[in-house]
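Taking it in order: structure first as structure tokens, then the write-up.
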Amino acid sequence: MTDVLPDTAPAPGGPVDTSSPRRGLTVATGLAGLSLDAMASVAYGPESIVLVLAAAGSAGLGMTLPVTVAIVVLLTVLIASYRQVIAAFPNGGGAYAVARAHLGHRTGLVAAASLIVDYVLNVAVSIAAGVAALTSAIPALLPYTVWICLAVLLGITALNLAGIRESARAFMAPTAVFVVGVLVVIVAGLLRSEPAVAGTAATTVTSARTIGILLLLKAFSSGCSALTGVEAIANAVPSFEQPRVRKAQRAEVALGVLLGVMLLGLATLIGKFAIHPVDGTTVLSQLTAAALGHGIAYYIVQFDTVVLLALAANTSYGGLPTLAKILAEDNCLPHRFAVATPRQVYRYGVLALGISSAVLLIAANGNMNALVPLFAIGVFVGFTIAQAGMVRHWLGDHVHGWRWRLALNGFGAVLTLVAAIVTTAMKFTSGAWLIVFVLPLLVLVMERIRKQYNRIDGCRGTGCLPAPPRATGTVIVVPVSEVSELSREALSAALSLGHDIVAVHVCLPGENTTVFTKAWEAWHPEVRLEIIDAGDCSVGAPVARYVRDNFDGRRKVVLIAEVDPPAGWGRLLPSHRSDELERQLRRLPDTVVCHLRVQPA
């Protein structure tokens, strides 16, 4: 996952709110609140390497540690580079902010598209990995993997729609238990001469292949999924307490050290205990059992892994809706993505994230290893754009030490670009083609939305000084279905708005208009009545046709009266003909539709 945007962070590139009474993040709480994606990747990153290298048998698995060392070297470069991003962009914003500032609008959209893809994949992968840890501990749940994944996703989505937001301090306990648990597994495993529990499950059978450069590159690209989330801290610098930049940089370095130690330690144990892929059991589960046995410590690590992965998935719900809000404010997504509920929840972003993740989980049958190959491509696109933007930044800002900073970010850009190309090439037939297709499609859609909003702004005359407003002839049309108290309320409201009023009654098939006409004449409301034929049994089309054909050159106000039903299931009872009327009338020029809601006694 990339570029988590917490609730306390302002829009990328925006001013930092120093007046907020809320206490900022420390190094420890910053790690807990912003590094869940990166920490959780330990649960599936090493497994991705093992799954590829197992194709070459024991000799291939012996290359797990060298491949992991290469990934940790890349991690070191990224951590050093993102320390520079933190210093140069203390207002946060991540790859999107850097690209928007230095590489242009379209490159910014590419960065945003990669973030959107990574947010969705983070939810799907984290939930699938968490459920895999659960089914490894309780194999009886394995047949229900997809349903468990969807249940977890539904719960997280519902909580976020309800506005349940946790502080970073609430994440400290599970994060600390997970990190300590993994470190205990590493230390205990290194001290053991043989595994505490011998493997009894059947290993995944693959056709043996020789160890070649392509196999190693594929293993490297799969293991790079462990690098997701290392830039999240750089995006949320404003959330830290003063001095923000220094504390964010320290948290970034601490994340790199912990992640590197865990990856190298687990890779060492994989080689020591000759861990192989096993159906229904994760690599982390095998390592934990080999180091600690099947006692209480094993279940603590497994269940905390489930919790941490669920929390890692939850961070996307703070990130994507906020990113969607920023894009909506930039006219790159529909403006409804920028509308918040009273609980400050961006509902449409939350729903879009939940639905997209559900589609991925169902398509992958809840299989973590089917989703991980899609993960790292968008991450490296964001990495490369951020580093390239920083190169442009240092070329225009010759601060002290700008040359070595330029060299560092330039080297990082080249390295991540190569990693992106390798990852795409190695995973293309494993599903990476989907990401290669989706990224430009998202950019194209956002460009089209932006052009459409520009066209709408042109029609609105935005930025121009309009002529003085003037009154025009207005007619008020009131659809009436019967002589009733509701009709009285409607005509009373119309008389309050103007003097030229026409009541319209649509004669439905089989209706006796004589009865309605006599009731109207007996009531004698002093308002002209027009009776029109429904024709196609609808109400909206005949009223719209009448308004269009009879009042050319005048402003039309159509007043629709309806009883406001009580809350709950009572809202299903009305006929909703008012909705049909509005759908037809809003297509007409110079027509205003007014709704009069009458409360029941």
Side-chain angles (χ1 to χ4, degrees), residues 1 3-9 32-34 36-37 40 43 115-135 138 141 144-175 229 232 303-328 333-334 336-368 371 567-572:
M1 241 308 302
D3 287 20
V4 175
L5 289 167
D7 299 332
T8 54
L34 300 171
L36 294 178
D37 303 337
L115 294 178
I116 292 171
V117 169
D118 292 338
Y119 279 129
V120 175
L121 281 170
N122 175 64
V123 174
V125 171
S126 295
I127 290 176
V131 173
L134 180 64
T135 54
I138 309 176
L141 297 176
Y144 309 103
T145 297
V146 176
W147 292 108
I148 297 173
C149 287
L150 293 177
V152 174
L153 176 64
L154 180 62
I156 296 174
T157 304
L159 287 174
N160 281 274
L161 284 173
I164 306 298
R165 301 179 182 219
E166 302 293 341
S167 70
R169 290 171 180 81
F171 297 152
M172 287 188 67
T175 304
F303 285 113
D304 192 67
T305 301
V306 176
V307 173
L308 191 77
L309 286 162
L311 293 176
N314 188 64
T315 57
S316 287
Y317 283 89
L320 187 139
T322 309
L323 174 64
K325 167 188 173 291
I326 295 168
L327 290 169
L333 284 180
R336 64 184 58 198
F337 281 93
V339 178
T341 67
R343 291 175 177 262
Q344 293 303 303
V345 174
Y346 299 107
R347 179 182 300 160
Y348 290 98
V350 171
L351 288 173
L353 178 57
I355 293 170
S356 302
S357 302
V359 170
L360 279 177
L361 286 168
I362 293 171
N365 202 31
N367 184 2
M368 169 187 69
L371 292 168
W569 66 274
R571 295 193 180 277
L572 300 176

Provide the closest heavy-atom pair for [X] versus [Y] in the form atom of the first, atom of the second, distance.
X: V120; Y: S356; answer: CG1-CB, 3.7 Å
X: Y346; Y: A338; answer: CE2-O, 3.7 Å
X: P174; Y: V307; answer: CB-CG1, 4.1 Å
X: I156; Y: A313; answer: CD1-CB, 4.2 Å

Problem set entry | Contact check, side chains of I127 and L309, non-hydrogen atoms, under 4.5 Å |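 No; the side chains remain at least 4.5 Å from each other.
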
Problem set entry | Close side-chain approach of N160 and L353, heavy atoms under 4.5 Å |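 No, side chains not in contact.
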
Problem set entry | side chain to side chain donor-acceptor pair (under 3.5 Å) partners for S126, two or more places apart |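 For S126, the residues satisfying side chain to side chain donor-acceptor pair (under 3.5 Å) (neighbours in sequence not counted) are N122.
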
For this session: Under the side chain to side chain donor-acceptor pair (under 3.5 Å) rule, collect the residues that match up with T157, sequence neighbours excluded.
Result: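 For T157 the side chain to side chain donor-acceptor pair (under 3.5 Å) partners, ignoring immediate neighbours, are Y317.
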
My understanding is that only residues two or more places apart in sequence, or in another chain, count here; which of them pass side-chain contact (heavy atoms from CB on, under 4.5 Å) with [X]?
X: N365; value: V146
X: F303; value: L134, I138, Y299
X: T145; value: V131, T135, L142, C149
X: A358; value: L150, L153

Problem set entry | Distance, nearest 0.5 Å, that separates CG of L154 from CG of L159 |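 Rounded to the nearest 0.5 Å, the CG-CG separation comes out at 9.5 Å.
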
For this session: First locate atom CZ of F337, then atom CG of L323, and finally report the distance between them rounded to the nearest 0.5 Å.
Result: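 With rounding to 0.5 Å, CZ (F337) is 11.0 Å from CG (L323).
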
